[in-house]
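Presented below is the structure to which this report refers.
All heavy atoms count here, side chains included; hydrogens, waters and symmetry mates do not. Since we're looking at a predicted model, the values are computed, not measured. Note on naming: letters A, B, ... go to the chains in the order of the sequence lines (proteins, then strands), and numbering restarts at 1 for each one.
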2 protein chains.
Amino acid sequence: MTTLNRRIRAHIEQRILSGDWPPGHRIPFEHELMAEFGCARMTVNKAIAALVDAGLIVRRRRGGSFVAEPRVHAPVLAVPDIRAEVETRSRRYSHKLLMRRRRTAVAGNAVERQLAGAADLLELECLHMADDRPFAFEERQISLAAAPSAEDVDFSVTPPGTWLLDAVPWTEAEHRIAAINADKRIADLLDIKPHTACLLVERRTWRGEVDVTHVRQIFPGSDYDLIARFTPKS
Amino acid sequence: MTTLNRRIRAHIEQRILSGDWPPGHRIPFEHELMAEFGCARMTVNKAIAALVDAGLIVRRRRGGSFVAEPRVHAPVLAVPDIRAEVETRSRRYSHKLLMRRRRTAVAGNAVERQLAGAADLLELECLHMADDRPFAFEERQISLAAAPSAEDVDFSVTPPGTWLLDAVPWTEAEHRIAAINADKRIADLLDIKPHTACLLVERRTWRGEVDVTHVRQIFPGSDYDLIARFTPKS
DNA sequence: CAGTGGTCTAGACCACTCC
DNA sequence: GAGTGGTCTAGACCACTGT
């Protein structure tokens with residue numbers, strides 16, 4: 001058993017999270033919900049106020065109450081798994097492997113040569129989708145010296161980041177975060193207008209001294225932001 | 001002007017944030033606050049419920065309502081000081097104070113009201129320069145409840161972030177990082193083309209439960225990036 | 001200017017828990 | 001058992017805003 005205002009809240013929340021009421025959709029007026037649940041207006045109001053607090057709903061006098069536009073947050077301080085993040089937001093994840101090849105490190109590129117070590121690199125490009133809409137573009141190099149089993153994985157089934165988090169332990173990572181304007185290729189891939197601001201996340205991951213993988217992920221700025229919560233360094 | 005339940009909330013909050021009512025202290029019963037403010041119980045209840053939500057108060061049936069014990073967190077990152085960063089790169093730092101005013105929190109803005117506490121906000125806008133070229137635009141609100149001495153500082157001499165880092169100890173911060181296209185005003189201020197991708201860094205900083213300052217910093221994407229280096233969380 | 005949400009009132013009954 | 005908070009009711013007046 002639970003309280004009435006929580007049931008009303010859950011009722012609305014479920015319709016939003018299930019996609020039944022998409023962003024921008026007008027939810028029933030307070031008096032309609034009063035009739036539907038047979039209760040006082042304060043009770044409906046309390047339920048909706050909680051959803052406003054949670055950022056799921058915005059209210060406008062005279063206009064009504066509307067499902068808020070979603071924004072996805074990710075912690076800066078964890079290595080993000082895009083699939084997990086998409087699914088946390090009750091959106092359906094899928095991905096497309098755009099490119100996969102094995103190659104040697106470019107001789108003049110010190111960073112690549114350090115990553116490759118004594119072996120080859122596996123180079124991948126993929127597109128992450130949320131509800132069949134492009135969510136992020138990813139370019140990745142994996143060191144076959146550090147993760148030889150990557151050679152045998154079908155990355156069109158498991159996204160590379162998800163597989164790596166599971167299969168290859170890491171001890172240290174470095175993020176570089178910047179803003180870029182989408183060029184034509186990125187705009188096409190992400191289905192956004194050229195020149196739209198995007199968040200670029202570059203990450204290098206090590207296991208001990210061994211360089212495991214480098215990745216560049218590009219997110220449309222309107223869809224994604226990073227969150228870091230922390231305390232002063234000792 | 002503000003609502004009664006917010007005034008009651010502010011009244012209680014101020015006593016907690018000032019240390020007048022330490023953690024574990026029992027706050028007045030609902031019926032006492034009803035008498036003190038001459039209002040209905042629901043109004044008092046709404047005020048206290050918001051403080052429970054904010055984690056400032058815990059309630060026990062029959063026992064009463066008590067000031068909550070503050071949380072503790074593990075250290076991880078650092079709050080950047082733009083002056084220090086510019087100077088680290090061997091560029092000459094300067095800044096311009098564009099706006100300074102004292103005002104009350106916007107009643108409908110819960111985040112601002114939490115920041116303000118029982119006092120006013122100091123609102124600042126400034127432009128950070130590296131070698132006399134614009135480097136970042138900053139909008140900042142400082143809680144005069146948390147940092148009353150900010151009222152007397154000449155921020156055209158010391159940049160607000162630098163002063164705060166020195167003058168006001170903090171225990172917790174939260175970054176939100178996103179990519180945005182520069183609008184006309186930002187483009188003018190930063191001397192870049194409109195629509196250029198910029199990095200938006202929003203930071204909230206607390207001392208214990210007390211909200212100290214909020215800041216929005218906008219950097220041209222081409223000039224700036226953020227680096228975070230870390231190890232897996234325990 | 002009609003209709004929405006924002007806020008408040010003055011009650012009520014109940015569950016829990018400390019004394 | 002007495003007193004707290006948890007929840008809910010059935011009203012009310014007001015501010016704002018879209019038509």
For B/Ser143 and B/Leu115, indicate whether the former's side chain and the latter's backbone hold a donor-acceptor pair under 3.5 Å.
yes

Do the side chains of A/Lys46 and A/Glu30 get close enough for a salt bridge, i.e. N-O under 4.0 angstrom?
no

Is a donor on one side and an acceptor on the other found under 3.5 Å between the side chain of A/Asn181 and the backbone of B/Ala197?
yes

Gap between atoms CZ and P, on A/Arg59 and C/dT4 respectively (whole Å):
12 Å

Between B/His128 and B/Glu138, is there a side-chain donor-acceptor contact under 3.5 Å, judged purely by atom types and distance?
yes

Would you check if there is a donor-acceptor pair between the side chains of B/His11 and B/Arg15 at a distance under 3.5 Å?
yes

How sharply is the helix from C/dC1-D/dG18 to C/dC18-D/dG1 bent, taking the axes over five pairs at either end and rounding to 10 degrees?
10°

Need to verify one output field. Residue with the more 5' nearest nucleotide on DNA chain C, B/Cys39 or A/Ile27?
A/Ile27

Base, sugar-phosphate or nothing for A/Gly63? Non-hydrogen atoms, less than 4.0 Å.
nothing

Using atom types as modelled and distance alone, determine if a side-chain donor or acceptor of A/Arg7 lies under 3.5 Å from a backbone N or O of A/Thr2.
yes

Reading DNA chain D in the 5' to 3' direction, which nucleotide is the first one with an atom under 4.0 Å from a heavy atom of chain A, and which is the last?
D/dT7 to D/dG18

State, with a plain yes or no, whether a side-chain heavy atom of B/Phe137 is found less than 4.5 Å away from one of B/Pro220.
no

Compute whether any side-chain donor of one residue and acceptor of the other, for B/Arg59 and B/Ser65, lie under 3.5 angstrom apart.
yes

Trace of the side chain to side chain contact (heavy atoms under 4.5 Å, CB included) decision for A/Phe135 with A/Leu190
CA-CA 7 Å; A/Phe135 181 73; A/Leu190 294 180; over 6 Å; no

Verify side chain to side chain contact (heavy atoms under 4.5 Å, CB included) between B/Val67 and B/Ile27, making sure each step is shown before the conclusion.
CA-CA 7 Å; B/Val67 177; B/Ile27 74 169; 4.0 Å; yes

Strictly below 4.0 Å, heavy-atom distances to any atom of DNA chain C: list the hits from residues 41-52 of chain A, or just say none.
A/Arg41, A/Met42, A/Asn45

